[in-house]
Amino acid sequence: MPELPEVETIKNGILDVKGKKVTQIYTSDKKLRFPSALNLQDLKDLEIKDIRRRARYLIISLSNNKSLIIHLGMSGKISLTDKFNKEKHDHFATQFNDDSWLIYNDARRFGFVDLIHSSDVENHKMLKNLGPEPLGNEFNEKYLKESLKNKGSNIKTTMMDNKIVVGIGNIYINESLFDAKISPLKAAKELSKTEITRLISSAKTIIQSAIDQGGSSISDYVKASGEMGNFQNTFKVYGRGDKKNPEKCLICKDNIKKIVQNGRSTFYCSNCQK
DNA sequence: AGACGTACCTGACCGC
DNA sequence: TGCGGTCAGGTACGTC
């Protein structure tokens, strides 16, 4: 999916629906990630009170003290448009009192939508065990040092664990480790204090920079407006380690390597990242 | 507790 | 052109 910067960008792109009232709802009969008893028709006539993001979840609070929780999975897209021409993989759409439409489309259906009481959001099964936001103050050197101390597995996989820090997926961990000059193969518990400091700093800088550029568009991610993000143009390692035709590290000119860790592709420079 | 494999899905792309 | 294999922004769950 969209990682944190993409979800943040989508959230910012739909803030306009705040204060609007739902007039019509479309739902498909396809199951998303979880089959749920959710009846989106319950949204009719409700007003959108607030829209926020926690980790990769969008939380939309409604005027009846309920909230929609939306996760985009790997391929989910949200668009805000003037009209609704139903397309393949559109799973729900709501029309507002100014005739605009909010549409959720997800080809792979790894995403989900849930509707719960607003007071239960923090205790939702998918939200209650999440670690800190990468851009927040709680994600600091002391916290990360403590979190990594018993982790014998590699730092790359460990940092993608949402209990440690949320929203950092395969793209941004590859870029963050390159920026911090840390090998993705290094055991998490073996990172020195200065490496932990560098990793935090790199992750925060890269996530913020990606948000500033509207996220990364590879394959099918687009903003709510349909425009592409721009951060993909600044990738230094992600996607640059093609086996047959690897690109060169911008710093040392060695070939960028592509390996597989816990089933996910890792891109790195073995010369710069120790 | 931690580590690892697997499952959930569709579509794009590559090699034959 | 078609077919099979592989890969893709994520996450929960089962098992060792």
Side-chain angles (χ1 to χ4, degrees), chain A residues 1-11 28-36 53-58 69-78 87-91 104-114 124-131 134 146-176 185 187-190 203 206-207 210-211 213-223 228-235 237-245 258-267:
Chain A
M1 113 163 187
E3 301 183 34
L4 188 150
E6 290 74 38
V7 181
E8 179 71 12
T9 302
I10 286 168
K11 183 209 73 182
S28 77
D29 51 8
K30 286 277 179 65
K31 296 266 181 289
L32 293 176
R33 182 176 172 90
F34 305 114
S36 77
R53 178 193 58 73
R54 168 72 175 117
R56 287 174 254 217
Y57 299 88
L58 287 171
I69 298 180
I70 302 175
H71 193 283
L72 300 172
M74 292 275 258
S75 55
K77 284 181 276 193
I78 284 180
E87 290 186 20
K88 200 172 181 183
H89 307 307
D90 282 346
H91 298 299
Y104 177 91
N105 178 292
D106 185 359
R108 292 176 71 183
R109 287 188 271 132
F110 285 172
F112 74 92
V113 182
D114 207 353
H124 188 277
K125 164 183 147 187
M126 307 292 279
L127 292 160
K128 66 180 177 187
N129 294 319
L130 295 175
E146 183 65 23
S147 301
L148 300 184
K149 74 175 183 190
N150 293 321
K151 305 287 186 189
S153 59
N154 67 71
I155 185 65
K156 191 247 186 175
T157 305
T158 303
M159 291 296 288
M160 290 172 72
D161 180 348
N162 279 330
K163 290 192 281 299
I164 296 195
V165 61
V166 301
I168 302 182
N170 204 33
I171 290 177
Y172 296 111
I173 190 56
N174 274 291
E175 294 297 315
S176 297
L185 300 165
K189 64 182 178 188
E190 301 298 330
I206 281 169
I207 296 277
I211 292 171
Q213 296 190 56
S216 303
S217 289
I218 63 173
S219 176
D220 54 12
Y221 160 79
V222 289
K223 305 191 217 179
M228 287 172 58
N230 290 313
F231 193 73
Q232 69 280 6
N233 300 321
T234 74
F235 290 169
V237 285
Y238 183 84
R240 297 187 179 277
D242 184 275
K243 284 269 189 269
K244 278 188 246 161
N245 193 18
K258 178 180 180 180
I259 59 172
V260 174
Q261 292 178 289
N262 299 74
R264 311 296 302 273
S265 293
T266 296
F267 302 91

Practice task
Taking atom P in both dC3(C) and dC9(B), compute the distance separating them and give it to the nearest angstrom.
Solution key: 24 Å

Exercise for the section: Using the P atom on both, measure dC7(C) against dG5(B) and round to a whole Å. Expected result: 15 Å

Detail all sub-3.5 Å separations between protein N/O atoms and N/O atoms belonging to nucleotides 3-6 of chain C.
none

Completion exercise
By side-chain contact (heavy atoms from CB on, under 4.5 Å), Asn105(A) pairs with (sequence neighbours left out) Lys77(A), His89(A), Asp90(A)

Exercise for the section: Encode nucleotides 9-16 of chain B as B, S and - characters from 5' to 3', where the letter depends on protein heavy atoms closer than 4.0 Å: B to the base, S only to sugar-phosphate, - to neither. Expected result: BBS---S-

Handout entry: Residues which pass salt bridge (charged side-chain N to carboxylate O under 4.0 Å, His left out) with Lys11(A), listed by chain and number, not counting sequence neighbours
Key = Glu8(A)

Completion exercise
With sequence neighbours left out, the residues meeting salt bridge (charged side-chain N to carboxylate O under 4.0 Å, His left out) with Glu87(A) are none

Completion exercise
Taking pairs as Watson-Crick (N1-N3 plus N6-O4 or O6-N4) or G-U wobble (N1-O2 and O6-N3), each distance under 3.5 Å, the stems of three or more consecutive pairs with DNA chain B are B:2-8 with C:10-16, B:10-16 with C:2-8

Fill in the blank from the handout: Across all chains, not counting sequence neighbours, the side-chain hydrogen bond (donor to acceptor under 3.5 Å, both in side chains) partners of Thr234(A) are none

Problem - Sequence-distant partners of Tyr57(A), ring-ring contact (aromatic ring centres under 6.0 Å, His included), two or more places apart - result: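 ring-ring contact (aromatic ring centres under 6.0 Å, His included) check on Tyr57(A) returns His71(A).
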
Exercise for the section: Name all residues meeting the ring-ring contact (aromatic ring centres under 6.0 Å, His included) criterion together with Phe267(A); count only those two or more places apart in sequence or in a different chain, and write none if there are none. Expected result: Tyr238(A)

Exercise for the section: Decide if the gap between the ring center of Tyr172(A) and the ring center of Phe235(A) is smaller than 6.0 angstrom. Expected result: no

Atom pairs, N/O to N/O, protein against nucleotides 12-16 of chain C, distance under 3.5 Å?
| from | atom 1 | to | atom 2 | distance (Å) |
| --- | --- | --- | --- | --- |
| dA12(C) | O4' | Arg33(A) | NH2 | 3.1 |

Interface polar pairs with nucleotides 1-3 of chain B, N/O, under 3.5 angstrom:
| from | atom 1 | to | atom 2 | distance (Å) |
| --- | --- | --- | --- | --- |
| dA3(B) | OP1 | Gly152(A) | N | 2.5 |
| dA3(B) | OP1 | Ser153(A) | N | 3.1 |

Fill in the blank from the handout: For residues 159-170 of chain A, the salt bridge (charged side-chain N to carboxylate O under 4.0 Å, His left out) pairs (sequence neighbours left out) are Asp161(A)-Lys163(A)

Exercise for the section: Considering just the side-chain nitrogens and oxygens of Arg264(A), establish if one lies under 4.0 Å of OP1 or OP2 belonging to dC7(C). Expected result: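 For dC7(C), OP1/OP2 do not have a side-chain N/O of Arg264(A) under 4.0 Å.
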
